[in-house]
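A quick write-up on the structure given underneath.
Residue indices begin at 1 and follow the sequence shown. All ligand and atom numbering here is 1-based and tracks the order in the structure.
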Amino acid sequence: MSQPHRALHLVARPEGELRDDVLELRTGALHDLADGQLRVATRYVSIDPAMRIWMTEQKSYWPPVELGAVMRAQAIGEVVESRNAKFPVGAWVSGMLGVQDGLVSDGKGLKAFDPKALPDPAWALSAFGATGLTAYFGLTDIGKIQSGETVVVSAAAGAVGSSAVQIAKYLGCRVVGIAGGPDKCAFVKDTLGADAVIDYKLGDVGKALTAACPDGIDVYFDNVGGEILDAVLKRLRMHARIVLCGGISQYGAGKDARGPANYLSLISARGRMEGFVIIDYMDRVDEALAALGKMAMAGKLTSKIDVIEGLENYPEALRRVLSGKNFGKQLLKV
Ligand SMILES: NC(=O)c1ccc[n+]([C@@H]2O[C@H](COP(=O)([O-])OP(=O)(O)OC[C@H]3O[C@@H](n4cnc5c(N)ncnc54)[C@H](OP(=O)(O)O)[C@@H]3O)[C@@H](O)[C@H]2O)c1
């Protein structure tokens, strides 16, 4: 018997502030299962800043979402009907499920996980999902952090940033977090354990960085780009590494996106600035999960989740992340 289905389709390319009407909620039905297929009921959709880029025709590591297609999203869900022995009813899976309440799949691209091994199934999209893996490989593989180094993390109260602060601390670094507002700054220092924190909304980030990092910066884990990246570039130590994880301050800027003015400092510092995308690390997931699991067992890894509910609230969920209203990993509960 076919099942009712709701999905959010991209129907226009956004310009400037993300408006509700670039997406359309369409209802329909999922077809009956053929042999080898399963039906997944979506539980949580991951809200990622890069979605703002995927909606446009901007070049990125994934092609633009086509107009009329279901909006691309990573999500987790439960198998509620199955004719595929690998994914029995009751199994939890993660994958690019899209912004929809369910789907029929042949299992390709889905990964089963045990929700009981996590404090909450939603952690499969935060500390133990692409978010935590991004922080881990960004710091260890691109940043090559060493114990005793000074590591600065921007958007430090956010999903990737909060994992990055905790991992860098765990690996013996001195960590300075940058975040917006007193509540987020208190969280970065008191809960995540950063050695110092800078509220960039209070003004002169450069001056605050000089005070927090008097001997300069060894590694900068950049989530935001823009003026903060420029302020960091002026304060690099010899052989500094800048991990280009994201540049959220520029995601809505389109062709007006600005690059760093102070990049020449990399020459005298013999520094390196390198981008990376987490999808390139999928063959090393087990290595990261083992390290993150060890941290969690030692009580050194927490994950703050920020949930809003209802497919129709997806545009608002994404606006929250782009404007900094989210506090922790933003998820949409379906
Ligand atoms: N390379 C990869 O493979 C990869 C994978 C995942 C994510 N990312 C990137 O990682 C970054 C963080 O993503 P996330 O999912 O963890 O989101 P998040 O940090 O949970 O949320 C985004 C945060 O960015 C901050 N922000 C927004 N506009 C800003 C601005 N103009 N200047 C400074 N800060 C601003 C806000 O925090 P405040 O309130 O503190 O301003 C907001 O809460 C993004 O750039 C994302 O694209 C990269």
Side-chain angles (χ1 to χ4, degrees), residues 17-18 45-55 58 60-62 72-74 96 122 125-127 129-139 141-143 152-167 177-189 192 194 197-203 205 220-232 242-253 257-258 273-282 284-285 288 303-308 317-332:
E17 170 106 356
L18 180 71
V45 174
S46 174
I47 305 296
D48 293 295
M51 289 168 150
R52 177 67 182 74
I53 295 175
W54 304 340
M55 290 176 175
Q58 232 170 293
S60 102
Y61 50 91
W62 260 327
R72 178 189 294 138
Q74 229 221 328
M96 299 306 286
L125 290 172
S126 62
T131 297
L133 301 179
T134 299
Y136 178 82
F137 287 116
L139 286 171
D141 202 59
I142 307 294
V152 173
V153 179
S154 54
V160 174
S162 60
S163 281
V165 168
Q166 295 174 91
I167 294 166
I178 304 177
D183 292 347
K184 288 190 179 182
C185 285
F187 171 71
V188 171
K189 195 140 192 295
L192 303 180
V197 65
I198 294 170
D199 183 349
Y200 75 93
K201 291 194 171 162
L202 293 180
V205 173
Y220 174 46
F221 191 99
D222 188 18
N223 285 314
V224 306
E227 288 170 17
I228 296 178
L229 171 58
D230 257 333
V232 169
I242 295 183
V243 180
L244 279 188
C245 175
I248 195 167
S249 72
Q250 306 300 310
Y251 287 176
R258 57 166 282 196
M273 182 151 111
E274 184 176 345
F276 75 105
V277 180
I278 192 56
I279 51 179
D280 296 340
Y281 287 88
M282 288 305 121
R284 289 179 58 191
V285 166
S303 185
K304 191 169 168 61
I305 311 275
D306 185 340
V307 178
I308 71 170
L318 185 52
R319 280 193 293 269
R320 285 171 64 78
V321 166
L322 297 170
S323 65
K325 283 202 191 101
N326 69 310
F327 194 167
K329 173 69 194 174
Q330 185 72 62
L331 296 178
L332 186 74

query = Out of curiosity, Met273 CE to Asp222 CG, how far, rounded to the nearest 0.5 Å?
reply = 8.0 Å
ask   = Say you draw a straight line from CE of Met51 to CH2 of Trp62; how long is it, rounded to the nearest 0.5 Å?
value = 9.5 Å
message = Yes or no: does Leu322 have any heavy atom under 4.0 Å from an atom of ligand 1?
response = yes
ask   = Purely on distance, is any nitrogen or oxygen of Ala159 under 3.5 Å from one on ligand 1?
value = yes
ask   = Can you tell me the protein heavy atom closest to atom 40 (O) of ligand 1 and the distance?
value = Gly180 N, 2.8 Å
task = Might you work through the side-chain hydrogen bond (donor to acceptor under 3.5 Å, both in side chains) test for Lys304 and Ser126, ending with a clear yes or no?
result = CA-CA 8 Å; Lys304 191 169 168 61; Ser126 62; over 6 Å; no
ask   = Are the side chains of Leu125 and Thr131 in touch, meaning some heavy atoms are under 4.5 Å apart?
value = no
message = Among all protein heavy atoms in this structure, tell me which lies nearest to atom 13 (O) of ligand 1, with the distance rounded to 0.1 Å.
response = Pro49 CG, 3.5 Å
inquiry  = Checking a contact table here: which protein heavy atom is nearest atom 47 (O) of ligand 1, and how many Å away?
reply    = Tyr251 OH, 2.7 Å
Shortest reach to atom 8 (N) of ligand 1 by a heavy atom, considering only Cys245, Ser154, Gly246 = Cys245
request  = Could you tell me which non-hydrogen atom of Lys184 sits nearest to which non-hydrogen atom of Ala179, and how far apart they are?
outcome  = CB-CB, 4.1 Å
request  = Return yes if a side-chain donor-acceptor contact under 3.5 Å exists between Thr134 and Tyr281, otherwise no.
outcome  = no
query = Would you say ligand 1 has an N or O under 3.5 Å from any N or O of Thr134?
reply = no
ask   = Is the shortest distance from a heavy atom of Ala157 to ligand 1 less than 4.0 Å?
value = no
task = Could you check atom 26 (N) of ligand 1 against the protein and tell me its nearest heavy-atom contact, residue, atom and distance included?
result = Ile248 CG2, 3.6 Å
Close approach of Thr131 to ligand 1, heavy atoms, under 4.0 angstrom = no
query = Can any side-chain N or O of Arg319 pair as donor or acceptor with the backbone N or O of Leu18 at less than 3.5 Å?
reply = yes
ask   = Roughly how far, to the nearest 0.5 Å, is CD of Gln330 from CG of Asp306?
value = 4.0 Å
query = Any nitrogen or oxygen of Lys201, main chain or side chain, under 3.5 Å from a nitrogen or oxygen of ligand 1?
reply = no
ask   = ligand 1 versus Val160, non-hydrogen atoms closer than 4.0 Å: side chain, backbone, both, neither?
value = both
key: Taking atom 37 (O) of ligand 1 as the reference point, the nearest protein heavy atom with its distance   = Lys184 NZ, 3.6 Å
message = Quick check for you: to the nearest 0.5 Å, what is the distance between Ile47 atom CD1 and Arg320 atom CZ?
response = 10.5 Å
ask   = Of all the non-hydrogen atoms in the protein, which one sits nearest to atom 21 (O) of ligand 1, and at what distance?
value = Asn326 ND2, 3.3 Å
inquiry  = For atom 36 (C) of ligand 1, what is the closest protein heavy atom, and at what distance to 0.1 Å?
reply    = Gly324 CA, 3.5 Å
task = Report the part of Ile278 (side chain from C-beta onward, or backbone N, CA, C, O) that has a heavy atom under 4.0 Å from ligand 1; answer both or neither where that applies.
result = both
key: Closest to atom 12 (C) of ligand 1 (judged by heavy-atom distance), picking from Asp222, Asn223, Asp199   = Asn223
request  = Counting heavy atoms only, name the option from Tyr281, Tyr200, Tyr61 that's nearest to atom 33 (C) of ligand 1.
outcome  = Tyr200
ask   = Of all the non-hydrogen atoms in the protein, which one sits nearest to atom 19 (O) of ligand 1, and at what distance?
value = Gly158 CA, 3.3 Å
